[in-house]
There are 2 protein chains.
Amino acid sequence: MSKLSREAVIRRALALADAEGVDAVTVRRLAGELDVTPMALYWHFKNKEELLTAVADHLLAGVARPAEFGGPWQTRLRTMVRTLIETMREHPSLPLLFHVAEKERIGSFTRATDIALGLLAEAGFSLEEGYWVSSYLLNGAITLVNGRPDCPGGIRPEEAEERRKQHRLALEALPEQEYPYISAYAETMRAAPDVERYFSFGLDLLMCGVEAMAARIAPASATPNNTA
Amino acid sequence: MSKLSREAVIRRALALADAEGVDAVTVRRLAGELDVTPMALYWHFKNKEELLTAVADHLLAGVARPAEFGGPWQTRLRTMVRTLIETMREHPSLPLLFHVAEKERIGSFTRATDIALGLLAEAGFSLEEGYWVSSYLLNGAITLVNGRPDCPGGIRPEEAEERRKQHRLALEALPEQEYPYISAYAETMRAAPDVERYFSFGLDLLMCGVEAMAARIAPASATPNNTA
DNA sequence: ACCTGAACACCGTTCAAGT
DNA sequence: ACCTGAACACCGTTCAAGT
């Protein structure tokens with residue numbers, strides 16, 4: 001009974017990353033959890049980067065095959081971005097994982113990019129511009145989830161609350177004359193963060209940029225149903 | 001003659017990061033370049049993170065005190081973001097540096113945020129929304145510079161060109177029926193990348209999002225000179 | 001084909017000791 | 001105040017060897 005397989009390693013790595021952060025995923029630690037020698041992993045993966053890339057690929061699979069499609073490009077693109085954000089919200093380690101994995105080598109990322117490029121071509125962007133916009137949306141979604149106020153960087157909620165308090169105290173200690181807006185902002189940090197508002201505002205912000213640029217480039221077809 | 005000082009360490013660390021990437025900045029390597037024992041650095045810095053945060057702080061100083069100010073909030077905010085982008089373009093290591101440094105602890109970042117919050121309050125955003133927008137702009141600028149086609153991630157131009165070619169070949173190898181847009185995009189990669197267009201498009205994209213959201217929130221004061 | 005053991009060349013950091 | 005020496009507890013990875 002060969003216990004080890006690519007699949008098993010990926011699942012364990014993801015569980016470990018979600019539980020203790022992506023920094024906890026070391027070759028030795030992961031091997032220990034799988035009751036195996038560190039070097040055993042090198043038979044299944046060329047190196048650590050390929051391992052983490054495989055984890056990212058596994059997670060992005062859901063984004064690459066979007067379910068409910070239809071309607072103008074704006075809503076379809078928005079659905080993709082929302083799906084991406086929701087996937088990452090379920091796996092808080094994913095944002096940091098993207099920083100170490102090479103995005104070009106993630107198969108499901110390539111798949112998702114092709115779909116997005118199609119939608120953006122419909123919006124009037126050139127292929128190159130579409131690629132830039134795709135990357136803007138992907139990275140925007142990543143940093144949005146990574147900066148979520150309840151568990152930034154995928155840390156544990158208790159630690160996040162403590163950090164938030166320390167951050168507030170640090171901001172409140174600043175001279176109010178020199179930092180008038182920061183001081184006022186620190187006041188608003190006394191309340192618990194509204195995570196849903198944070199995400200809906202962030203999604204709107206991201207999509208607003210794309211739609212405004214599309215309207216600038218192709219004003220005539222900005223709304224999808226006026227071509228004839 | 002005490003050769004070592006906080007300033008000297010920061011300068012060396014920045015030079016090393018720019019020359020060989022931020023990964024090359026290890027405590028031991030940096031100490032070696034300064035002709036000193038690794039532990040000597042621990043007298044001037046609590047740990048490595050504080051060291052890198054100091055480097056980031058040093059670099060962001062120029063953004064925190066913007067020069068040519070005036071005009072409506074849109075152009076002033078755009079100037080800040082452009083300055084930030086230009087600063088990072090001069091130091092390609094900076095984007096990755098932000099990922100390891102804790103942004104909240106960077107003094108010049110706090111200063112820049114206060115200025116931005118003021119401009120965004122003028123635009124009609126609440127303090128909390130303003131903070132989200134600031135973070136959106138900072139991270140957007142970081143990923144924009146980090147993804148520049150001529151030296152993504154701050155790698156050397158020759159290596160970037162080789163990687164770009166490999167990336168193109170990988171995309172061209174994909175089945176054209178399944179990846180129609182990616183395949184067409186790969187064709188455009190044969191030409192040398194237009195870096196200036198990349199950056200101006202990216203800046204427009206970032207600012208478009210903010211301006212469109214501002215117009216949605218406070219349509220009456222979307223243009224600055226119609227309040228009376 | 002799949003895994004182990006030992007070793008290599010690194011890390012960041014602590015702590016007592018020097019001057 | 002400022003720096004050194006030795007040591008600790010880790011890393012990722014290679015390479016020959018086992019089954």
Side-chain angles (χ1 to χ4, degrees), chain A residues 1-17 19-57 93 96-102 105-106 153-155 159, chain B residues 1-17 19-57 93 96-102 105-106 153-155 159:
Chain A
M1 45 188 280
S2 61
K3 290 189 164 186
L4 209 57
S5 71
R6 249 185 102 92
E7 267 293 318
V9 176
I10 290 172
R11 273 202 310 271
R12 263 291 192 190
L14 179 57
L16 182 54
E20 302 188 36
V22 72
D23 285 347
V25 184
T26 70
V27 174
R28 301 170 121 92
R29 172 78 189 274
L30 188 56
E33 302 230 337
L34 290 160
D35 273 316
V36 99
T37 291
M39 297 81 215
L41 303 182
Y42 282 86
W43 203 86
H44 299 274
F45 301 92
K46 200 177 108 227
N47 51 31
K48 190 184 176 183
E49 191 191 336
E50 195 189 285
L51 195 163
L52 293 177
T53 302
V55 176
D57 191 30
S93 63
L96 286 179
L97 213 138
F98 275 110
H99 286 148
V100 42
E102 276 198 89
R105 312 199 64 187
I106 305 178
I155 62 176
E159 195 190 336
Chain B
M1 46 191 278
S2 61
K3 290 190 163 186
L4 210 57
S5 73
R6 249 186 102 91
E7 268 292 320
V9 175
I10 291 171
R11 272 202 310 272
R12 263 290 190 189
L14 178 58
L16 183 53
E20 303 189 34
V22 72
D23 285 346
V25 184
T26 69
V27 175
R28 300 171 122 92
R29 173 76 190 275
L30 188 56
E33 301 231 337
L34 291 159
D35 273 317
V36 99
T37 291
M39 298 80 216
L41 302 182
Y42 283 86
W43 173 253
H44 300 274
F45 301 91
K46 201 177 108 226
N47 50 31
K48 190 184 176 183
E49 190 191 337
E50 195 188 283
L51 195 163
L52 293 178
T53 302
V55 176
D57 191 31
S93 63
L96 286 178
L97 212 138
F98 274 110
H99 286 147
V100 43
E102 276 199 89
R105 312 198 64 187
I106 305 177
I155 61 175
E159 194 189 337

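Here is how names work: the chains are called A, B, and so on, in the same order as the sequence lines, proteins then strands, and each is numbered from 1.
In this structure, CZ of Arg28(B) is placed 11 Å from C1' of dC10(D), rounded to the nearest angstrom. Separating the CZ atom of Arg29(A) from the C1' atom of dC10(D) is a distance of 13 Å, rounded to the nearest angstrom. As a whole-Å value, the separation of Leu4(B) CG from dA1(D) P is 16 Å. At whole-Å resolution of the value, CG in Asp23(B) and C1' in dG12(D) are 13 Å apart. In this structure, the CH2 atom of Trp43(B) is 15 Å from the P atom of dT14(C), given to the nearest Å. Atom CG in Asn47(B) sits about 14 Å away from atom P in dC15(C), given to the nearest Å. Distance, Phe45(A) CZ to dT14(D) P: 16 Å, rounded to whole Å. Between the P atom of dT13(C) and the NZ atom of Lys46(B) lies a distance of 10 Å, rounded to the nearest Å.
Salt bridge status for Glu20(A) with Arg29(A): present, with a side-chain N to carboxylate O gap under 4.0 Å. Look at Glu50(A) and Arg6(A) and you find a salt bridge, because one of the NZ, NE, NH1 or NH2 atoms lies within 4.0 Å of a carboxylate O, short of that distance.
dC8(D) is paired with dG12(C) under the criterion used here, namely a Watson-Crick or G-U wobble arrangement in which both key atom distances are under 3.5 Å.
Comparing Tyr42(B) and Pro38(A) against DNA chain C, the residue whose closest nucleotide sits nearer the 5' end is Pro38(A).
When the side-chain nitrogen and oxygen atoms of Thr26(A) are compared with OP1 and OP2 of dC11(D), one or more of them lie within a distance under 4.0 Å. Contact check, His44(A) against dC3(C): a side-chain N or O comes under 4.0 Å of OP1 or OP2.
Taking every side-chain heavy atom of Met39(A) into account, dT4(C) is the closest of dG12(D), dT4(C), dA7(D). Out of dC3(D), dT13(D), dC11(C), the shortest distance to the side chain of Val36(B) is found at dC3(D).
The shortest distance between side-chain heavy atoms of Leu16(B) and Arg12(B) does not fall below 4.5 Å. Residues Val25(A) and Leu14(A) have side chains not in contact (no heavy-atom distance under 4.5 Å, counting atoms from C-beta outward). At a threshold of 4.5 Å between non-hydrogen side-chain atoms, the residues Thr53(A) and Leu97(A) do not count as touching.
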